[in-house]
Each structure stands twice: as structure tokens, then as C-alpha cells.
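Computed from a prediction, not measured in an experiment: that's the story for all the values here. Below, chains carry the letters A, B, ... as their sequence lines are ordered, and counting in each starts from 1.
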2 protein chains.
Amino acid sequence: MPLDPLSSTFAALADPTRRAILARLALGETSVMELAKPFDMSLPAISKHLKVLEHAGLISRGREAQWRPCRIAPDSFKQVDGWLGNFRRFWDESFNRLDGLLEEMKAEEAAKAPPRSNRKVSNPKVRVTKEKQRGRTRG
Amino acid sequence: MPLDPLSSTFAALADPTRRAILARLALGETSVMELAKPFDMSLPAISKHLKVLEHAGLISRGREAQWRPCRIAPDSFKQVDGWLGNFRRFWDESFNRLDGLLEEMKAEEAAKAPPRSNRKVSNPKVRVTKEKQRGRTRG
DNA sequence: AGGTTATTTAACCAATGAGCTAAGTAGATG
DNA sequence: CATCTACTTAGCTCATTGGTTAAATAACCT
């Protein structure tokens with residue numbers, strides 16, 4: 001049951017209804033009724049979807065009389081974006097160029113100040129045979 | 001059942017094993033055996049995970065003798081990033097700053113949507129700058 | 001041909017997830 | 001209070017998913 005946060009966030013995003021709800025919420029906070037309107041689906045179904053989104057940290061809910069207005073919650077989006085960042089170099093050209101620059105800058109910086117690395121690297125579980133294999137032939 | 005592409009991609013990402021596999025593949029193309037090593041899991045299980053990732057367009061597979069090397073496929077990542085872009089203004093400060101001009105112009109539209117209001121969502125414009133701009137400062 | 005290695009397919013099972021209807025709760029209002 | 005509106009919970013299906021073991025395929029190597 002206790003799925004890690006990133007997993008529940010991705011799972012929540014893996015449903016078109018839920019993504020449509022989020023798209024609507026990107027326009028602004030609104031009620032459950034309002035959110036349900038576009039869908040040919042029972043209200044309880046929507047309620048469940050909202051629960052999933054909330055549990056995934058993608059929305060938060062307030063209380064206003066009998067309404068429970070929903071709004072986007074940024075944190076989980078940020079998490080997803082962060083994770084995705086590990087792969088950005090595979091498709092984002094400008095990122096690659098920037099990355100190259102940063103590498104250079106880091107190298108220079110390292111040359112100036114010798115590193116004092118006492119970092120706690122605990123789990124070398126993914127023991128990779130080759131540290132970094134470069135030279136993909138991909139456009 | 002043919003789930004739409006974005007849904008199957010998110011679904012594929014909603015599993016820690018599969019994300020770990022992708023993380024390994026970010027270091028470079030490798031075989032199924034190699035990918036399976038870190039996991040306490042049968043080989044068929046890994047094979048299934050790879051099938052899911054492939055069907056989601058997150059990896060592609062080659063053929064080299066009896067090995068079927070896997071590598072990252074950028075397209076689906078790009079799709080996810082694109083979708084996420086619709087929400088970037090909710091958390092990315094630099095994005096917001098650049099978008100600030102438009103924001104002022106549309107200050108009226110944002111407001112708060114009182115739940116009882118019956119107004120139609122007649123402005124489907126999702127205020128997103130057309131050019132992707134991303135001031136990433138990772139690490 | 002026969003064997004070893006790499007990987008997939010088949011058949012099964014337990015758990016989850018998305019949908020439904022019907023009933024329950026909470027707050028506003030007559 | 002009674003009722004209406006706005007939701008949520010409960011209980012039930014049915015399909016999908018993540019894992020298993022056993023068997024099949026595929027390519028290489030004697």
C-alpha cells in the first residue's frame with residue numbers, strides 16, 4: 001500500500017480523466033461539481049479521482065461551506081520535473097549545450113579548489129561496469 | 001485496451017523498478033541480464049518491465065547476437081516534459097518571472113472562482129508562453 | 001547435433017484500480 | 001425541523017498489473 005511518493009504521483013498522472021481535471025484546475029480553483037461536468041461519469045468516480053490526485057500531492061482541497069474547492073499543488077509537479085531532469089540531456093538540445101558549459105565551469109572550479117569529498121555514498125548497488133559510456137549516435 | 005500514449009507512459013513511470021531501470025539506462029545502453037542484476041526479482045519479471053517501458057516509448061531495443069540491448073528513447077520523455085510544461089508556472093520561479101508580463105494583463109481572469117458561480121470556462125487559453133524557456137540550475 | 005547463454009512466452013495467482021449504485025454526511029436554507 | 005445541494009463512503013463488479021515457475025525460442029560454441 002505505501003507506494004513511494006514519486007510512484008503515486010506518476011500513477012495519478014497515468015489517467016486521462018485525472019489529467020483533464022488537472023488541466024481544468026490550471027485555469028483556476030473550482031468545485032467538484034464543476035470539475036465533474038465535462039465527464040460522462042458518476043460523481044463518486046470523480047470523487048475518487050480527486051482523492052487519488054490529493055494523495056499524490058498534485059492538488060489540495062479547501063473548505064467553503066458545502067463546497068470543497070480544489071486547486072493545483074505545485075510540489076509533486078516539481079518532483080516529477082526534477083526526476084525528469086535526469087534525462088533531459090536525451091532530448092533537450094539547449095540543455096546539452098548548457099550542460100557542456102557547466103561541466104567546463106566545474107572542471108575549472110575544481111582545479112582552483114581541491115575537493116574535500118567525505119560524502120556518504122552508501123549503496124553501490126548499481127555497480128556499473130563502465131562508469132560513463134558516451135558517444136551515442138543519436139540526432 | 002489501447003491506452004493513450006501519455007497515459008501508458010505515465011503508467012510505465014509509476015513503478016520504482018522501471019524508474020531504476022531507466023536510471024541505469026541513462027548511464028548507457030546495456031543488456032537485459034545487466035539490467036536485472038540489481039533486483040531481487042526473476043528474469044521474466046524484468047522482461048515484462050522492459051516490455052512495458054518499450055510499449056510506453058521510453059526505451060528501444062536492438063539486437064546483437066543473443067542480446068537485446070536496451071537504450072533510452074527520448075520521444076516519450078519529451079512528451080511528458082511537454083505536458084508538464086502546462087503547469088510549470090505553478091512552481092518554476094524563473095518561468096513565472098518571464099511570464100510576468102502576460103500575467104499582469106490577465107490579472108482579471110485569474111481571480112478566484114467562487115464555487116457557486118455558474119460561469120462557463122469560456123477562456124480555454126492556458127496562458128503558456130509558446131517558446132519553451134527554462135532556466136535550469138540543477139546541481 | 002548438442003549444449004550453454006540470453007531472453008521471451010505461457011499459465012497462473014494475489015492485489016490493485018476504475019467504474020457503478022445506494023446510502024451516508026455536512027452545511028445552507030426554507 | 002425538513003429538505004436541498006454538495007460531496008464522500010461502502011460495497012460490489014471486472015480488468016489490469018506485478019509477481020511467480022516452467023517451458024520455449026534464439027543465437028552462439030564446440
Side-chain angles (χ1 to χ4, degrees), chain A residues 1-22 24-25 29-56 58-71 129, chain B residues 1-22 24-25 29-56 58-71 113-119:
Chain A
M1 197 124 112
L3 215 52
D4 66 292
L6 206 45
S7 292
S8 21
T9 302
F10 276 125
L13 293 175
D15 184 290
T17 302
R18 287 195 288 260
R19 288 199 308 280
I21 289 176
L22 290 173
R24 168 62 188 84
L25 288 179
E29 166 174 331
T30 194
S31 73
V32 177
M33 276 302 196
E34 191 66 30
L35 285 173
K37 270 180 192 164
F39 303 102
D40 185 20
M41 196 180 291
S42 73
L43 210 49
I46 300 292
S47 188
K48 268 194 188 178
H49 281 307
L50 292 175
K51 199 194 251 176
V52 172
L53 287 170
E54 186 179 25
H55 183 249
L58 289 161
I59 68 172
S60 70
R61 303 206 246 183
R63 255 171 207 246
E64 250 177 71
Q66 65 250 241
W67 296 275
R68 247 130 281 193
C70 305
R71 69 194 79 86
T129 43
Chain B
M1 286 334 192
L3 215 52
D4 65 291
L6 205 46
S7 292
S8 21
T9 302
F10 276 124
L13 293 175
D15 184 290
T17 303
R18 286 194 291 258
R19 288 200 307 279
I21 288 176
L22 291 174
R24 168 58 188 87
L25 288 178
E29 166 174 332
T30 194
S31 73
V32 177
M33 275 303 196
E34 190 66 30
L35 285 173
K37 270 181 194 165
F39 303 102
D40 185 20
M41 195 180 291
S42 71
L43 212 49
I46 300 292
S47 189
K48 272 191 184 181
H49 281 306
L50 292 175
K51 200 194 251 177
V52 172
L53 287 170
E54 186 179 26
H55 183 250
L58 288 162
I59 68 172
S60 71
R61 303 206 245 181
R63 259 174 203 243
E64 252 178 68
Q66 65 251 240
W67 296 276
R68 246 133 281 193
C70 304
R71 68 195 77 87
R116 59 194 352 156
S117 89
N118 215 13
R119 78 196 171 109

query: Which nucleotides of nucleotides 2-13 of chain D have their base under 4.0 Å from a protein heavy atom (B), which only their sugar-phosphate (S), and which neither (-), written as one string 5' to 3'?
result: ---BSBBB-B--

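- Checked against B/Glu29 for a side-chain contact (heavy atoms from CB on, under 4.5 Å), the options B/Arg71, B/Arg61, B/Glu34 give a single hit: B/Arg71.
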task: May I have the step-by-step check of side-chain contact (heavy atoms from CB on, under 4.5 Å) for B/Ser7 and A/Arg19, ending in yes or no?
output: CA-CA 9 Å; B/Ser7 292; A/Arg19 288 199 308 280; 3.0 Å; yes

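- Atoms CG (B/Leu35) and P (C/dT7) sit 9 Å apart, rounded to a whole Å.
- Atom-to-atom, CG of B/Leu3 to P of D/dA15 comes out at 16 Å; the value is rounded to the nearest Å.
- For D/dG19, the OP1/OP2 oxygens have no side-chain nitrogen or oxygen of B/Ser42 closer than 4.0 Å.
- Panel note: side chain A/Ser8, backbone A/Ala56; no donor-acceptor pair is recorded below 3.5 Å.
- D/dT16 atom C1' lies 13 Å from atom CG of A/Asp15, rounded to whole Å.
- Rounded to an integer number of Å, the gap from CG of B/Leu13 to C1' of D/dT17 is 16 Å.
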message: Run the side-chain contact (heavy atoms from CB on, under 4.5 Å) test on B/Thr30 and B/Lys37 for me, step by step, so that the C-alpha distance in whole Å, both residues' side-chain angles and the decisive distance to 0.1 Å come before the verdict.
response: CA-CA 12 Å; B/Thr30 194; B/Lys37 270 181 194 165; over 6 Å; no

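- Distance, A/Phe10 CZ to D/dG18 C1': 19 Å, rounded to whole Å.
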Table please: side-chain donor-acceptor pairs of residues 42-52 of chain A below 3.5 Å, with sequence neighbours left out.
unit_1  : atom_1 : unit_2  : atom_2 : d
A/Ser42 : OG     : A/Ala45 : N      : 3.3
A/His49 : ND1    : A/Arg18 : NH1    : 3.1

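- Whole-Å rounding puts the A/Phe39 CZ to C/dA18 C1' distance at 14 Å.
- Straight-line distance from the CG atom of B/Asp40 to the P atom of D/dG19: 11 Å, rounded to whole Å.
- In this structure, A/Leu13 and B/Phe10 approach most closely via the heavy-atom pair O-CD1, 3.4 Å.
- Separating the CE atom of B/Met41 from the P atom of C/dT7 is a distance of 17 Å, rounded to the nearest angstrom.
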